[in-house]
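This report refers to the structure that appears directly beneath it.
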Number of protein chains: 2
Amino acid sequence: MAETEFPRPIVTVDIVLLTLREERLHIALLPRTAEPFAGVAALIGGYVHVEEDSDAEAAVARILKAKAGLSGIFFEQLQTFASVDRDPRDWSVSIAYFALVPQEVLDEAGVALELRPVDAAGELPFDHADIVRAARERLRGKGAYSTIPARLLPDIFTMSELQAIYETVMGERLDQSAFRRKINDLNLLEEVEGEKRQTERARRPTTLYRLKAPLAVFDRRI
Amino acid sequence: MAETEFPRPIVTVDIVLLTLREERLHIALLPRTAEPFAGVAALIGGYVHVEEDSDAEAAVARILKAKAGLSGIFFEQLQTFASVDRDPRDWSVSIAYFALVPQEVLDEAGVALELRPVDAAGELPFDHADIVRAARERLRGKGAYSTIPARLLPDIFTMSELQAIYETVMGERLDQSAFRRKINDLNLLEEVEGEKRQTERARRPTTLYRLKAPLAVFDRRI
DNA sequence: AAAATAGTGTCTCTCAGACAATATAAG
DNA sequence: CTTATATTGTCTGAGAGACACTATTTT
């Protein structure tokens, strides 16, 4: 089994970039600039540049910056899709990532991304529909046990906003009382002292919070 | 961004093959047959063969069969390790899988695998120690919420054996009464009717069970 | 009967969901 | 004072852990 060399597959990273828009999860797509599927909206992605990227995360960061104008946002590895038929060009490997970004940050980036509701994303090229499905499942599954959903919010947020995010991500209504109790028990947030704010529709100003840690995973279900 | 072609990384699959031996989790290794690290015990793995493997799972199945004499065992994708420095030869991608096999099946395979306790695996080449660590965490994490640990047992097993597996995987003692209650509530097993068996040390014969489904994931913690 | 494992019953505590009640500010 | 949201409290039921108890077989 002295395997020396073999024809190598294409290696890319693809990013399921999710954000919240009008209370719904949206996926950010970019029209492809090259064949195949030139002009068709697809996941943000690109080749791994072996001369330039020290690892897959570096490739993701580079591509997010170059193609979406984003840096410093949350992303984590999702799953790798690798087969002979997922790309018409050749045997291909896509190391898929999912990323979350607050809408405000996306707006500031000033890049013309196409946002589509994640549950009505329409036709997508390659196996991108499968990748999006995997991302939704991951977000839904892990969301209930982590502060990942909070990465869809700005740094500072209200308890109600946080609850709304969890409800959207998990696709179910949550009891307000139980939600607050759990968040407090888990000790995930710190108050932004002195800063009160009125949300659009609120009468009474509300306490503002921020995450103590960028990412917390816990055992209890939110 | 009309990216046409780029130098391609090496693409391999690596398999963390775990089994149970003397009540402890062991990892199955093979001495490498080629440089680098020729002769050193390493994860079972190999190049993706683009002419032969239709996808990454096919590569895993082929390699498990060729190098470990195993087929039909449980495996699932773990995580992908991709960086410039994980392999001295070149920028390299390893799509890592973890696999579980009952000791009996491993014995029948008749291949000289080196078994080491997973928590004392010693030095491993490349980043294989990281991959093993990821596999342990996955097994531990997902184990409590699925029937994955049962894939370390033969098809037919006793309730005590099942409990012992979960205890090993999760690294803690479980209450017998609570364990049985949960397993029954979750409706995961079916009795193998009429078949009673005496385990080695048992006095009283015990009911035998098999899994209703090859893999069940649930919300409750075992 | 003793030993050893198989299997059941019960108590308590934590936590989740449901729902009610109170608090605070704007208009 | 009304309205709308923020925030707290209480009740109930499910499930987890602890532990004691019963059952069945071999020696």
Side-chain angles (χ1 to χ4, degrees), chain A residues 23 140-141 143-146 149 153 156-167 169-210 216-222, chain B residues 23 140-141 143-146 149 153 156-167 169-210 216-222:
Chain A
E23 312 269 294
R140 199 177 176 125
Y145 297 98
S146 71
L153 290 178
I156 311 278
F157 48 81
T158 72
M159 192 65 88
S160 300
E161 287 166 348
L162 186 65
Q163 181 176 345
I165 288 285
Y166 273 94
E167 288 178 343
V169 165
M170 294 163 60
E172 56 183 316
R173 300 287 299 164
L174 299 173
D175 181 81
Q176 192 191 27
S177 166
F179 182 79
R180 293 181 117 86
R181 200 190 324 142
K182 284 180 237 184
I183 296 291
N184 282 328
D185 287 356
L186 289 167
N187 194 27
L188 304 170
L189 306 182
E190 56 187 14
E191 280 193 32
V192 180
E193 287 296 347
E195 303 274 340
K196 299 266 175 179
R197 186 183 77 184
Q198 280 177 246
T199 48
E200 291 174 52
R201 322 194 306 174
R203 302 294 166 204
R204 172 179 173 181
T206 179
T207 310
L208 296 178
Y209 299 91
R210 74 163 62 89
V217 181
F218 29 87
D219 222 54
R220 260 168 92 173
R221 185 182 184 78
I222 287 290
Chain B
E23 311 271 293
R140 197 175 177 127
Y145 297 97
S146 71
L153 289 178
I156 312 277
F157 49 82
T158 72
M159 193 64 87
S160 301
E161 288 165 347
L162 186 64
Q163 182 176 343
I165 289 285
Y166 273 93
E167 288 177 342
V169 165
M170 293 163 60
E172 56 183 318
R173 302 287 300 164
L174 298 173
D175 180 80
Q176 190 192 27
S177 167
F179 182 80
R180 293 181 119 88
R181 200 191 323 143
K182 285 180 235 183
I183 295 291
N184 281 327
D185 287 356
L186 288 167
N187 194 27
L188 303 170
L189 306 182
E190 56 188 13
E191 279 192 33
V192 180
E193 287 295 348
E195 304 274 340
K196 299 267 176 178
R197 185 182 78 184
Q198 281 177 246
T199 49
E200 291 174 53
R201 322 195 304 175
R203 300 296 166 203
R204 173 179 172 182
T206 179
T207 310
L208 296 178
Y209 300 90
R210 74 162 64 87
V217 181
F218 28 89
D219 221 54
R220 261 169 89 173
R221 183 180 185 81
I222 287 291

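First the proteins, then the strands, lettered A, B, ... as listed; each starts at 1. Keep in mind the model is a prediction, meaning the values are calculated, not measured.
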Next item on the list: Please tell me which of the listed nucleotides, C/dG7, D/dG17, D/dT7, lies nearest to the side chain of B/Ala178?
Entry: D/dG17

Protein-nucleic acid N or O pairs under 3.5 Å, nucleotides 21-23 of chain D:
| residue | atom | partner | partner atom | Å |
| --- | --- | --- | --- | --- |
| D/dA23 | N3 | B/Arg204 | NH1 | 2.7 |

Note to self: Distance check needed: C/dA6 C1' versus B/Gln163 CD, whole Å only.
What the structure shows: 11 Å

Item checked: Under the salt bridge (Lys or Arg N to Asp or Glu O under 4.0 Å) test, residues paired with A/Glu23 that sit two or more places apart -> none

Next item on the list: Give the minimum heavy-atom separation between B/Pro149 and B/Ile165, together with the two atoms involved.
Entry: O-CG2, 3.1 Å

Next item on the list: Mind checking ring pair (Phe, Tyr, Trp, His ring centres under 6.0 Å) for B/Phe179 and listing every partner two or more places apart, or none if nothing turns up?
Entry: B/Tyr166

Notebook entry, point to check: Which of these nucleotides, C/dG7, D/dG15, D/dA18, is closest to any side-chain atom of B/Arg220?
Noted result: D/dG15

Margin query: I'd like to check the side chain to side chain contact (heavy atoms under 4.5 Å, CB included) partners of A/Asp219; sequence neighbours left out, ordered by chain and number.
Written below: B/Tyr145, B/Arg221

Next item on the list: Round to a whole Å and report the spacing from CG of A/Asp219 to C1' of C/dA16.
Entry: 15 Å

Check: Given atom CE of B/Met170 and atom C1' of D/dG17, what is their separation to the nearest angstrom?
Finding: 12 Å

Next item on the list: Figure out the CG/P separation between B/Asp185 and D/dG15, and round it to whole Å.
Entry: 7 Å

Next item on the list: Could you tell me whether the side chain of A/Glu191 and the main chain of A/Thr207 form a donor-acceptor pair under 3.5 Å?
Entry: no

Checklist line | Length of the OH-P vector between A/Tyr166 and C/dG17, whole Å | finding: 14 Å

Next item on the list: Return the 5'-most residue of the pair B/Arg180, A/Glu172 with respect to DNA chain C, ranking by each residue's nearest nucleotide.
Entry: B/Arg180

Margin query: Between C1' on C/dA6 and CZ on B/Phe179, what's the gap in Å once rounded to a whole number?
Written below: 14 Å

Note to self: Considering every strand and a 4.0 Å limit on heavy-atom distances, what is the contact class for B/Arg221: base, sugar-phosphate, or nothing?
What the structure shows: sugar-phosphate

Next item on the list: Mind checking A/Arg181 for me? I need base, sugar-phosphate or nothing, with any heavy atom below 4.0 Å counting as a touch.
Entry: base

Check: Between A/Glu167 (CD) and C/dG17 (P), how many Å, whole number?
Finding: 12 Å

Item checked: Distance, rounded to the nearest Å, where A/Met159 contributes CE and D/dT7 contributes P -> 8 Å

Next item on the list: Verify the contact: side-chain N or O of B/Ser177 to OP1 or OP2 of C/dG7, cut-off strictly under 4.0 Å; return yes or no.
Entry: no

Checklist line | Pairs touching residues 174-183 of chain A that satisfy side-chain hydrogen bond (donor to acceptor under 3.5 Å, both in side chains), sequence neighbours left out | finding: none

Item checked: Residue list, salt bridge (Lys or Arg N to Asp or Glu O under 4.0 Å) with A/Arg220, at least two apart or on another chain -> A/Asp185

